[in-house]
Protein chains: 2
Amino acid sequence: MKDQKLYKLSENFLYQNCVPEWRSVIDDNREIFVFKKGETIFREGDQLKGVYFIGEGKVKIHQRWEVEKNVIVRFARNGDMIGYRGMGSKKKLTASATAIEASSLMFIPINIFETSLKVNPQLAYILMDLYINELESTERRIRNMAHMDVKGRIVEALLMLKECFGMDEQGFIDIKLTKQEIASYVGATYETVSRVTMELESKKYIKSKGKSIAILKLKSLRELLTL
Amino acid sequence: MKDQKLYKLSENFLYQNCVPEWRSVIDDNREIFVFKKGETIFREGDQLKGVYFIGEGKVKIHQRWEVEKNVIVRFARNGDMIGYRGMGSKKKLTASATAIEASSLMFIPINIFETSLKVNPQLAYILMDLYINELESTERRIRNMAHMDVKGRIVEALLMLKECFGMDEQGFIDIKLTKQEIASYVGATYETVSRVTMELESKKYIKSKGKSIAILKLKSLRELLTL
DNA sequence: TCCTTTATATGATTTAAATCACATAACAAT
DNA sequence: ATTGTTATGTGATTTAAATCATATAAAGGA
């Protein structure tokens with residue numbers, strides 16, 4: 001079922017970078033999907049059927065490793081595109097996507113998206129830039145993984161989450177993650193994440209309420225990174 | 001000094017994906033630079049002045065971390081493009097590049113490259129795909145860093161190096177790296193790399209001669225990864 | 001609401017890998 | 001060659017973080 005209220009097409013970068021004549025094609029072919037918290041959007045190994053744009057909500061992109069061991073590769077929020085893995089429709093997805101909270105996504109079939117790329121010269125260009133930026137932050141994470149200790153990686157993750165998802169009125173980062181999810185992102189166990197966040201709390205560098213975390217002393221946290 | 005022998009322009013993907021009329025522009029504006037082993041091609045923090053295509057040789061892309069601590073982000077070989085970090089010439093390079101062996105590179109000034117992108121619709125497209133693939137392997141490395149032990153990461157690195165650089169007649173992987181360089185790539189210390197490679201050698205899974213390594217039992221090595 | 005499941009805190013123990021330490025080997029430079 | 005420098009192999013020690021083990025606290029379903 002299509003629900004216009006759940007997705008403002010005009011704010012979407014695909015729409016914005018297409019020539020006006022093409023916009024109706026997108027409008028005619030898009031579909032809106034709604035996912036509950038915890039629901040799978042796509043699974044690694046799946047055939048690539050199309051591309052998703054997040055309208056509302058938060059999503060984690062993750063890869064499996066043995067049973068129950070996960071790595072969260074990245075987080076995505078409204079406006080972000082997920083699932084695209086290059087041209088040639090025989091491609092397989094290399095990661096899964098799961099809704100962290102109730103989310104509505106716009107789906108564009110892969111053939112429509114690929115045609116969009118051909119018809120709108122701007123688009124490949126914008127996408128190229130987008131992937132370059134993503135690559136940059138991924139390379140940065142490799143560096144962090146290689147040389148930072150767990151505490152540093154957790155602090156770095158908290159700062160990234162603040163940047164990415166912003167804060168509510170009380171200063172809490174606007175995303176609710178379990179200790180296990182944080183652990184899967186930084187490459188650690190949930191026990192260690194629990195200990196480290198407890199330590200940061202006791203030092204009043206952060207505070208937490210349920211699954212929400214607020215940053216209290218940004219400066220002190222940043223200093224932990226430079227040691 | 002320009003030396004045509006050192007770089008076959010016709011084999012370059014930039015050249016191949018440009019409309020014929022544009023090729024002479026590239027030809028007129030390119031420069032060939034030759035680097036000795038260990039020489040710096042560019043340094044992180046540098047202003048982006050142009051793009052390099054490797055004609056001959058091998059290059060490592062690395063980021064600094066404190067004094068003398070390095071992470072090798074990736075390796076590059078002939079045909080690879082290095083140094084491009086997206087449009088907008090005010091961009092700064094986020095990693096350094098150093099020649100692992102004597103290399104010749106073709107340099108294209110950033111403004112020529114950016115115009116090439118605009119004039120040749122194919123190009124942004126090809127680049128987008130290229131960056132998607134790079135992102136994929138970088139994401140894979142994050143997963144490895146998070147969950148594999150050092151031995152696994154070293155084995156994975158050896159298999160990657162074999163894929164990337166090929167082997168000579170005697171089966172040795174066609175790249176010479178120090179233990180420290182391998183360590184910088186897998187995120188470990190050179191002592192640990194030394195110990196692990198010694199262990200693999202004693203099991204006859206690999207053999208080494210100077211700085212060259214040959215894979216003897218591919219199957220056994222692969223099995224180490226699935227444990 | 002109670003009850004099951006899932007998440008969290010925290011202690012005790014183990015372990016992989018870093019660090020420290022030194023001897024030897026390979027490589028470069030004079 | 002001769003000498004200094006950088007790379008390597010290996011042992012001993014330390015340490016950060018995983019694992020094992022429980023207790024408690026939330027969250028979700030019937």
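Naming convention: chains lettered A, B, ... in sequence-line order (proteins, then strands); numbering from 1 in each chain.
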Closest listed nucleotide, where the reference is the side chain of B:E191 and the choices are C:dA18, D:dT10, D:dA21: D:dT10
Among C:dC20, C:dT8, D:dA17, the nucleotide that comes nearest once only the side chain of A:V150 is considered: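 Out of C:dC20, C:dT8, D:dA17, the nucleotide with an atom closest to A:V150's side chain is D:dA17.
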Can you measure [X] atom [atom1] to [N] atom [atom2] for me and round it to whole angstrom units?
| X | N | atom1 | atom2 | result |
| --- | --- | --- | --- | --- |
| A:E199 | C:dG11 | CD | P | 13 Å |
| A:K176 | D:dA27 | NZ | C1' | 13 Å |
| A:M145 | D:dA16 | CE | C1' | 16 Å |
| B:L200 | D:dG9 | CG | C1' | 15 Å |
| A:D149 | C:dA17 | CG | P | 16 Å |
| B:E181 | D:dT8 | CD | C1' | 14 Å |
| B:L224 | C:dA16 | CG | P | 14 Å |
| B:M198 | D:dT8 | CE | C1' | 8 Å |

Cation-pi geometry met for B:R141 and B:Y185 (6.0 Å, 45°):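 Yes, a cation-pi geometry.
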Any side-chain N or O of [X] less than 4.0 Å from the OP1 or OP2 oxygen of [N]?
| X | N | result |
| --- | --- | --- |
| A:K151 | D:dA17 | no |
| B:T192 | C:dA18 | yes |
| A:S194 | C:dT8 | no |
| B:K211 | D:dA7 | no |

B:F53 and B:F13 aromatic ring geometry - parallel, tilted or perpendicular at 30°/60° bounds: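 Aromatic pair B:F13/B:F53 classed perpendicular.
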Whether A:F113 and A:Y84 hold their rings parallel, tilted or perpendicular, with breakpoints at 30° and 60°: perpendicular
Gap separating the CE atom of A:M160 from the CZ atom of A:F75, nearest 0.5 angstrom: 5.5 Å
Which residue lies more 5' along DNA chain D, comparing B:R195 with B:Y190 via nearest heavy atoms: B:Y190
Nearest-nucleotide 5' precedence on DNA chain C, A:Q180 against B:G210: A:Q180
Verdict with supporting geometry, B:H62 and B:T98, side-chain hydrogen bond (donor to acceptor under 3.5 Å, both in side chains): CA-CA 8 Å; B:H62 50 106; B:T98 304; 2.6 Å; yes
